[in-house]
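The sequence lines fix the lettering, A, B, ..., with proteins before strands; numbering per chain opens at 1.
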Amino acid sequence: MFDKKRFMVTAALPYANGPIHIGHLAGAYLAADIFVRFLRMMGKDVVFVCGSDEHGAAITIKAKKEGLTPREIIDKYHVMFENTFKSIGISFDIFHRTSSELHHQTAKDFFMNLYNKGQFEERESEQYYDEEAHQFLADRYITGTCPKCGFENAYGDQCEKCGSTLNPTDLINPRSTLSGSTPVLRKTSHWYLPLDKYQVWLKEWINTGKLDGAELHDPATWKPHVLGQCNSWLDGGLEPRAMTRDLDWGVDVPSEIPGSDGKKLYVWLDAPIGYISATKQWAADHNRDWEPYWKDNDTALIHFLGKDNIVFHCLIFPGILHAHGEYILPVNVPANQFMNLEGNKISTSRNWAVWVHEYLEEMPGKEDELRYNLIKNMPEQKDSEFTWKGYQEVVNTELVNNLANFFNRVVVLTNKYYGGEIPDFDMEESFFSSSDPDMDTYFDSDIIHLYDMLSELHGHVMSFDFRASLKLVMEISTFGNQLLQLNEPWKIQKSEPERVAVVMNFALQITAVLAVVTRPFLPFASARMHEVLGMDFSEENGELVDIMGKLAEGEAILPAGHKIGEPIHLFTRITDEQVEIQIAKLENSKSASTEVALADTFVPLKPEISYDDFARMDIRTGKIIKAEKMEKADKLLVLTVDLGFEERTIVSGIAKHFSPDDIIGKQVTVLANLAPRKLRGVESKGMILMAENAEGRLMFINPDEDFPAGMTIQ
RNA sequence: GGCGCGGUAGCUCAGCUGGUUAGAGCGUAGGAUUCAUAAUCCUAAGGUCGGGAGUUCAAGCCUCCCCCGCGCUACCA
C-alpha cells in the first residue's frame, strides 16, 4: 500500500444534526488525521477530505421541532463542525458539505451514469402517503405503536424505546407527523441497486483482494472485525437496495429521468459521493486535477470510520463505484469500534458524552491532552473506555512526567551549561546508553538506534496501529530520560565536560526527533517544541524523510552552535478539581436527561372506551405452576397457569426479566379470553398482565394477598 | 437462537504464520539520583492466558463443547 503514488483518505461525514463528541474523534477522525499527517511528513501525495452530511428526514424533523429551516440547522452544525475539527487539530485538506451545488451536481451525474448503464432496477412498492400534506412520508415522519414493545411513539424505522428496527408498515395505528392524519399506502416507484448481483464479486474482492484478475488489496491487512462483519452480511445474502426515496430535503433525482418528480437520492448515493465532490472542490481551489485521486490504480483509497459504517463502505459504496466502472475501490477500511464513557455507552439522546466543543472551552489549551488519551485508548480492535480519572493519570504520568519533563530538563541544562547553544563535541568521546547498557557507546552508532525506532514507528502507522505508534513515541522520550540518568551530566560537568558535551548534544537530537514525530499525534505540543528548539514548523512536507536520512547516516539533526530558546512546560498537571468538575457535569446531565426522559415517556392516554368495551375483557386471577424457557428464543417463557377451573399454556415475552424458577408459584393476573395465538409453534392462550416503567422494567400485577385462582377482576 | 468481534498480571492493554522460564504502561514495594512540573532511573513482587476436552514432540495462539461482554439479527400477540 505504501508503494502507491498517491493517497486518497476520507473520514466519515458527520451528520449535521448534533455536535461532535469524543467517540467520533476516537472512532474515525483522529486515526485518519495521524495517518494523513504521517504520510505528508513522509513526503507522500495525499488528500484528506471530509464534510457535513446535510440531507435526510432527521434534519427536517429537527428543524421543525426547533422552529428553524433545514438550511439554518445545517448551517449551524456545518460551522460548528468546522470550528471543532480545526480547534482539535484535524488537518482536513477540505471540509466540504453535501448541500453545495457542486455536490448536488456530482451526485446527480453519478446517478445518471448508473441509470444510463442500466444498473438500476425500477421497482414499485407501497409507501405511506399523507393525503393532507400531499406527499409520501419518510420513515421518520411516521409514528405509531411499536408492535414489539407497545411504545406508542415509535418511528417508522426504529422504536427508540426497545431499539427494534422497524418498517413503517409494522407500526400499529400509524400517524403522519406532518398533519397528524392517518397515512394511506400508495404505490410509488424507486430505483434499486441490485446488490444481490454484486454478491459474488464483492465476496471475492473482500476476501482475496482480487477483482477481475487484478490484485487490489491484501485482506490480511484488514481488521478482523471488518472482514467479519462483511462476511456476516455476504453470507446472509445481499438484497437490492433502494437508491432513491420520497423525501423533500436532499439531492433531486435528475429531472430528465421519467418519474423523477419528488424523488431524492437516498443516503447511499448521497453521502459517500460527498467524498468525491469534496475532492473536486479541493482540486478547483488548488488548481489541481481531482480525477487521479479517484480513478488511477496508483492511488490508495482509504476510508476511516466507526464500525456502524462498515457495511456501507465495504459493500454498498464499492458496489456503486464498481457499477460506475471508472472508479477505484478502497485498499483498506480501517474501521474502529466504539468508545464508551465512564462505564456507559456514549449517547447523544441521553446526553452521555464529552462534547468536543465544550471540552475545548472548559479545558483551553489542552487539545493534545485529549488527543493523547483518545489515541492511547483508541478502540482499534474492540470497544474501549474513556474515564476522566484515566485522563488525569495519563496526562500527569506520561505527558507531564515523562515527555514534558524530559524536554524541560534538556533545555534547562543546555541553557545552564552552554548559554542555550548546542554544544560541539568529540566523536571519539564515549557515553552510556540504554540501547546497550553493558558497554560504552558513541554518538554516530547510537543515533542509529533512533533511526530504528522511527522505522518501527512508520511500520505501526502504516498498519493502522496507532496505539502502538503512540507508545513508541513515548519510548523515545523514555530513551532520552535514560540517557540523562545513566550519564548524570549534573555530576560530571565539572570533571568531564567533554563527555557531558556528547551526552547533551545527543539529548538535544532526541528532543528534535520528538518535536518532529509528535506532530501527527500532538500537533500543538509539537509546535511548541519546534519553537523552543528554533526549528522550522511550516507545512508537513517530507520532514520525516529528512531526519530519518540524517539519522541513518549517523548525523545530527540540530547542528552544533544552533541557538535554542528558554525552557517551557509543554504540559501541566490535571488537578483533582478539574476531574471532579467534569465527572459532576456528566452525572448532572445524566440525571437531568433521565428526568426529561421519564416525563417524556408517560404514554398518552388511549381514546375513551365504553363500559361495555371493558366488560368484554375477562380478567382472572391465576397462579404460575410451571415455567420454562422456550428453546431457541431469547425472550420467551412458556408458562403453565392455574386458573382454578383449568390450567393453560401462556407464552410470555419476559425471559429477559425473570428466570423460570423464580416465578413458579407466583400469583398473576391473566387476560383470559384473548384469542389464542401461536408463538414459535406453541399456542398461547391468554396474556399475563404486567406493569412497565420508563426504563422497561417489568412487574407482575397481582392481588396483594394470597387469593384463589380463577376469580374475576372487574 | 443464528452470525461477527472480544474475554491475557489489581487497572488499561501487547502477544506475528503454534516453538525455550507469557510481555508493556499505570499502580504497589525496595533502592539510586537531584538538572527537571515531589519529576527521572534501576530492581522486585504479581498471571490456572474465561472454563473443559482434543489435535500435536510442542497451544494464549489450531479443533470441539460450555460460560461471559459488545454489535447485528430472529422470537417477545
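- Taking the C1' atoms as reference points, B/G69 lies 15 Å from B/U8, given to the whole Å.
- Base contact: A/Phe571 has a heavy atom under 4.0 Å from a base atom.
- Within the nucleic acid shown, A/Lys491 comes within 4.0 Å of sugar-phosphate atoms alone, with no base atom in reach, counting heavy atoms only.
- Residue pairs satisfying the ring-ring contact (aromatic ring centres under 6.0 Å, His included) criterion with at least one member in residues 476-499 of chain A, sequence neighbours excluded, are listed as follows: A/His449-A/Phe479.
- Spacing of C1' atoms, B/A22 relative to B/C16, comes out at 15 Å, to the nearest Å.
- Taking atom C1' on both B/A9 and B/C49, the two are 10 Å apart, rounded to the nearest angstrom.
- The CZ atom of A/Phe312 sits 17 Å away from the P atom of B/C72 (whole-angstrom rounding).
- Taking atom C1' on both B/G15 and B/A74, the two are 37 Å apart, rounded to the nearest angstrom.
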Verdict with supporting geometry, A/Glu398 and A/Lys376, salt bridge (Lys or Arg N to Asp or Glu O under 4.0 Å): CA-CA 11 Å; A/Glu398 303 187 26; A/Lys376 185 184 165 78; 2.9 Å; yes

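- The side chain of A/Lys307 lies closest to B/C70, out of B/C5, B/C70, B/C76.
- Following rounding to the nearest Å, A/His569 (NE2) and B/C35 (P) show an atom-to-atom distance of 15 Å.
- Relative ring orientation between A/Phe35 and A/Phe464 is described as tilted, the plane-to-plane angle lying within the 30° to 60° band.
- Atom pair A/Asn340:CG and B/G6:P shows a separation of 17 Å (rounding to whole Å applied).
- Taking atom P in both B/C66 and B/G60, one finds a spacing of 22 Å when rounded to whole Å.
- Counting heavy-atom neighbours within 6.0 Å of A/Glu421 CD, excluding the residue itself, gives a total above 12.
- Counting non-hydrogen atoms under 4.0 angstrom, A/Lys416 reaches the backbone sugars and phosphates but no base.
- Of the nucleotides present, none pairs with B/G47 by Watson-Crick or G-U wobble criteria with both distances under 3.5 Å.
- Within the shown strands, B/C11 is the pairing partner of B/G25 under the Watson-Crick or G-U definition, both distances less than 3.5 Å.
- The residue A/Leu674 sits close to a base: some heavy atom pair falls under 4.0 Å.
- B/U21 sits 31 Å from B/C68 when the C1' atoms are compared, rounded to a whole Å.
- Spacing between atom CG of A/Leu413 and atom P of B/A36 amounts to 8 Å, rounded to whole angstrom units.
- Between A/Leu637 and A/Glu628 the shortest side-chain heavy-atom distance does not fall below 4.5 Å.
- With a cut-off of 3.5 Å on both Watson-Crick or G-U wobble distances, the partner of B/G19 is given as B/C57.
- Comparing the P positions of B/C26 and B/U40 gives an interatomic distance of 8 Å, to the nearest angstrom.
- Taking the nucleotide of RNA chain B with the nearest heavy atom to each of A/Trp233 and A/Leu570, the more 5' of the two is matched to A/Leu570.
- In this entry the distance linking NZ of A/Lys471 with P of B/A14 reads 10 Å, nearest Å.
- The aromatic ring centres of A/Phe312 and A/Phe317 sit 6.0 Å or more apart.
- Closest to the side chain of A/Arg677, out of B/A77, B/U37, B/A36, is B/A77.
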Give every donor-acceptor pair under 3.5 Å between a side-chain atom in residues 493-509 of chain A and any protein atom, sequence neighbours left out.
from	atom 1	to	atom 2	distance (Å)
A/Ser495	OG	A/Ile492	O	3.4
A/Arg499	NH1	A/Ser430	O	3.3
A/Asn505	OD1	A/Gln509	NE2	2.9
A/Asn505	ND2	A/Pro423	O	2.9
A/Gln509	OE1	A/Ile557	N	2.7
A/Gln509	OE1	A/Leu558	N	2.8
A/Gln509	NE2	A/Leu558	O	2.9

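- Rounded to an integer number of Å, the gap from CD1 of A/Ile510 to P of B/A36 is 19 Å.
- Pairing of B/C41, defined by two Watson-Crick or G-U wobble distances under 3.5 Å, is identified with B/G31.
- Between the C1' atoms of B/C13 and B/G47, the separation comes to 14 Å (whole Å).
- Qualifying salt bridge (charged side-chain N to carboxylate O under 4.0 Å, His left out) partners for A/Arg409, counting only residues two or more places apart in sequence or in other chains: none.
- Taking atom CG of A/Asn373 as the reference point, atom C1' of B/C13 lies 14 Å away to the nearest angstrom.
- For B/C3, the paired base is B/G71 (Watson-Crick or G-U wobble, both distances below 3.5 Å).
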Nucleotide-resolved protein contact map, nucleotides 38-45 of chain B, B/S/- at heavy-atom distance under 4.0 Å: -SBSS---

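- Using a 4.0 Å cut-off between charged nitrogen and carboxylate oxygen, A/Arg620 and A/Asp618 count as a salt-bridge pair.
- Among the heavy atoms of the strands lying under 4.0 Å from A/Glu398 are primed sugar atoms or P, OP1, OP2 only; no base atom is included.
- For A/Trp205, the CH2 atom sits in a packed shell: over 12 heavy atoms of surrounding residues, nucleotides or ligands are nearer than 6.0 Å.
- Pair check for B/C64 finds B/G52; Watson-Crick or G-U wobble, both atom distances under 3.5 Å.
- Identified under the ring-ring contact (aromatic ring centres under 6.0 Å, His included) test for residues 391-415 of chain A, with sequence neighbours left out: A/Trp388-A/Tyr391.
- At the heavy-atom level, A/Gly653 lies under 4.0 Å from base atoms of the strands shown.
- Shown here is A/Lys685, whose NZ atom has no more than 12 heavy atoms of other residues, nucleotides or ligands within 6.0 Å.
- Counting to the nearest Å, the C1' atom of B/C13 and the CG atom of A/Asp465 are 11 Å from each other.
- At a non-hydrogen distance threshold of 4.0 Å, A/Glu393 from residues 385-395 of chain A come into contact with RNA chain B.
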